[in-house]
There are 2 protein chains.
Amino acid sequence: MPPPVTLKSLAAATGFSITTVSRALAGYSDVSPSTRRLILEEAERQRYEPNLLGRLLQGQRSQTIAIVMPTSGPQFPDPFFAQFVAGVGVEAAHAGFDLLLSPQDDPSELAAYRRLVTGRRADGLLLIRTRADDPRIRYLAESGVPFVSFGRTESVAHTAWIDADGVAGQKALTQHLLELGHRRIAYITPPGGLMFTRFRLQGFHEALAEAGLAADPALIIEADLSEQAGKDAASLLLERPDPPTAIVAGNDQTAIGVMHAVRARGLRVGEDVAVGGYDGIPASEHLHPPLTTVYQPIFEIGQLAARSLLALIKAQSASSLPVLVQPELLARASTMGAAYLRGGEAPD
Amino acid sequence: MPPPVTLKSLAAATGFSITTVSRALAGYSDVSPSTRRLILEEAERQRYEPNLLGRLLQGQRSQTIAIVMPTSGPQFPDPFFAQFVAGVGVEAAHAGFDLLLSPQDDPSELAAYRRLVTGRRADGLLLIRTRADDPRIRYLAESGVPFVSFGRTESVAHTAWIDADGVAGQKALTQHLLELGHRRIAYITPPGGLMFTRFRLQGFHEALAEAGLAADPALIIEADLSEQAGKDAASLLLERPDPPTAIVAGNDQTAIGVMHAVRARGLRVGEDVAVGGYDGIPASEHLHPPLTTVYQPIFEIGQLAARSLLALIKAQSASSLPVLVQPELLARASTMGAAYLRGGEAPD
DNA sequence: CAAAGCGTCCAAAACGTTTTGGATTTGAGA
DNA sequence: TCTCAAATCCAAAACGTTTTGGACGCTTTG
């Protein structure tokens, strides 16, 4: 293991002071051209790489943004979180920032956030899965650390957030089903407390109301965002004496479970029962039948969130503007049946 | 923004020196019980969190492991990398380590690795996508930093690695096709240079050889691991005067492209042409038809890799044992056709 | 001729932590 | 009373960097 190359060793080798070496490398003007040349040559020769820690310690900046990652449950491996992280990572990289994934066992605990904030491990934080009353946001707002949340909140007034328009998305999907003639539409809602759950439900109700209909409370079931939960919820719905003709799931994963349940009862997805998902994960297009869903550009949202956070960090104070991204309805065979295959969007 | 809580502020608040505060918190025995109690109470009250940078700079551990993440191309969002990172993250969290995703623009550049190593930002590194001659591994081995690679190499003799047995996996899949009576089996191989490409190809050849067959070079095409590349490669293969009866793709993504190409020619996947994938991503089960593939437990491999690396870091020198994980053949309808649906493994 | 300006350079401080090498006090034993 | 060891504490150094506030010698300006 070779000895580390530092400003000190360069200073010793060139005969100048550490200060002059530092300023020569940084491009300050109070270094004579000949001195600068000598120092640059020596730095090149010894393959000098500045020690990030020394630099950061001095400047109180870590060139790092952090995301607290839930370790309980299969949250991370899901395409949703992964795509978000990827978007953030790409954008952070572009600005020369690293991305710290900090584990979090208990989602309700603030310990992980405290560690990051007071330990100065990160210059800014990204939040995900916001709640109406979110202690994390209250804490971060109070601590003054730059942060951006993916999702809105009611905890604090003026925070930077980016969100996909759940009202519009769910409304579009529901209207699509109404236009196809469905009147008994079931809705498998994500867990309560989460902000996006509320917006989605609002979009669902708005679409029905505008069509002069009221939602049947018996057709609204809460389930978590897993395939199994979707299967169970759909089974319950289909066992009713008056089963729904369409089932909307909380996300695509859940929708896959719903499709299984439908087939298990000998019914055809897209013909006997329409099924809708949410998120538009890549696999949704390749399901059998292809799944009607609402596409959210998660990767891009991650990029926007990172960009927003980096601006906050740079500005050091000014709050950045909230961003509401519009999702896109992808109508496919799981709701349109044979009409989809006859239509323009052939698989090949 | 409240003033930062440091050893200094705790020292000022309690009236002891910085040294004593540090040693009290670290649990040294040369601090009287009453003093320790006072200091711990004050630390608790002010919610002290050690500053990582200071600690790091001093020469201690960073409690962080790093993965260099490729930002070019859609590498990260793919389920493969995401699952690996998730496994690493969970295991790191269990040991109280954070996970640093360090961006890497140009995969051939060592800059990102140098930054991590010389900047002492991470106690250890994880590598992915190894090559036979891998400059990253040579550099890391030379620098003496603990690291574990997912995939083997020929660059350096004794390194810690974990890998899935590509020879066995590809061999099992090929044998499966041979047993179904296929004799003209095409193989769409991943890009050359990567270690796993070589092992997979070896498994393919071994299976054929043991059946007394030789591979037809015209049926082996190199393509990158994308859906489009699979489509293009399969189209080429199917246009031949003597088309293959089975096509094995480099991964599931590529296999999806192959399936599209098969259908585009009016052929039925699993009946007219058998299609095989690799990796066993969750979506593979829900494709139409369900995809025969070789399941690699990526999440668990991530966990094992992290555990291995953490052991290396702890031991500070001893090299950990290589681990070869056995993949599992998942035979489904894309090769077995109707036989699959009649068989035991019904979809529901 | 004194003052001011300019071009170069550098010592020292600061960031927050851990560790080294004592210093001081206390109490016991001689 | 004196010595010695244990118990308790702390000043200072070290990690590598950037920044502050000059110093020094020379030239130009008033």
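Sequence lines set the chain letters: A, B, ... in the order given, protein chains first and strands last, and positions in each chain run from 1.
- Distance L56(A) CG to dT19(D) P: 12 Å, rounded to the nearest Å.
- Formation of a donor-acceptor pair under 3.5 Å by the R36(A) side chain with backbone atoms of Y28(A) is found in this model.
- Defined by atom type and a distance below 3.5 Å, a donor-acceptor pair is missing between the side-chain atoms of R121(A) and S62(A).
- Between T35(B) and dC9(D), a side-chain N or O to OP1/OP2 separation shorter than 4.0 Å is present.
- Set against dA11(D), dT20(D), dC9(C), the side chain of T19(B) has dA11(D) as its closest nucleotide.
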task = Test D163(B) against R152(B) for salt bridge (Lys or Arg N to Asp or Glu O under 4.0 Å), laying out the working first.
result = CA-CA 7 Å; D163(B) 205 354; R152(B) 284 159 275 181; 3.0 Å; yes
Side chains of residues 19-26 of chain B: which donor-acceptor partners sit under 3.5 Å, not counting sequence neighbours?
residue	atom	partner	partner atom	Å
T20(B)	OG1	S17(B)	OG	3.2
R23(B)	NE	D30(B)	OD1	3.2
R23(B)	NE	D30(B)	OD2	3.2

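- The ring-ring contact (aromatic ring centres under 6.0 Å, His included) check on F196(A) picks up nothing, with sequence neighbours excluded.
- Rounding to whole angstrom units, CZ of residue R23(B) and P of dT19(C) are separated by 8 Å.
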request  = Check the pair R138(A) / E142(A) against salt bridge (Lys or Arg N to Asp or Glu O under 4.0 Å), numbers first and verdict last.
outcome  = CA-CA 6 Å; R138(A) 284 208 308 275; E142(A) 187 189 343; over 6 Å; no
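- Distance CZ (F16(A)) to C1' (dA23(D)): 17 Å, rounded to an integer number of Å.
- OP1 or OP2 of dC10(D) has at least one side-chain nitrogen or oxygen of S17(B) nearer than 4.0 Å.
- Side-chain atoms of S102(A) do not come within 3.5 Å of backbone N or O of A66(A) as any donor-acceptor pair.
- Defined by atom type and a distance below 3.5 Å, a donor-acceptor pair is missing between the side-chain atoms of D134(B) and T153(B).
- Put simply, CD1 on I18(A) is 16 Å from C1' on dT20(D), counting in whole angstrom units.
- Y139(B) carries R114(B) over the face of its six-membered ring, with the cationic atom under 6.0 Å from the centre and within 45° of the normal.
- Listed for the S308(B) side chain is no donor-acceptor partner under 3.5 Å among the backbone atoms of A305(B).
- For residues 27-34 of chain B, proximity to DNA chain C is found at Y28(B), defined as any non-hydrogen atom under 4.0 angstrom from a strand atom.
- Among residues two or more places apart in sequence or in another chain, the ring-ring contact (aromatic ring centres under 6.0 Å, His included) test is passed with F147(A) by none.
- Fit an axis to the five pairs at each end of the helix from dC1(C)-dG30(D) to dA30(C)-dT1(D) and the two axes sit 80° apart, to the nearest 10 degrees.
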Output one line per pair: protein atom, nucleotide atom from nucleotides 13-16 of chain D, and distance, for all N/O pairs under 3.5 Å.
residue	atom	partner	partner atom	Å
dC15(D)	O2	L57(B)	O	3.3
dC15(D)	O2	Q58(B)	N	3.3
dG16(D)	N2	G54(A)	O	3.1

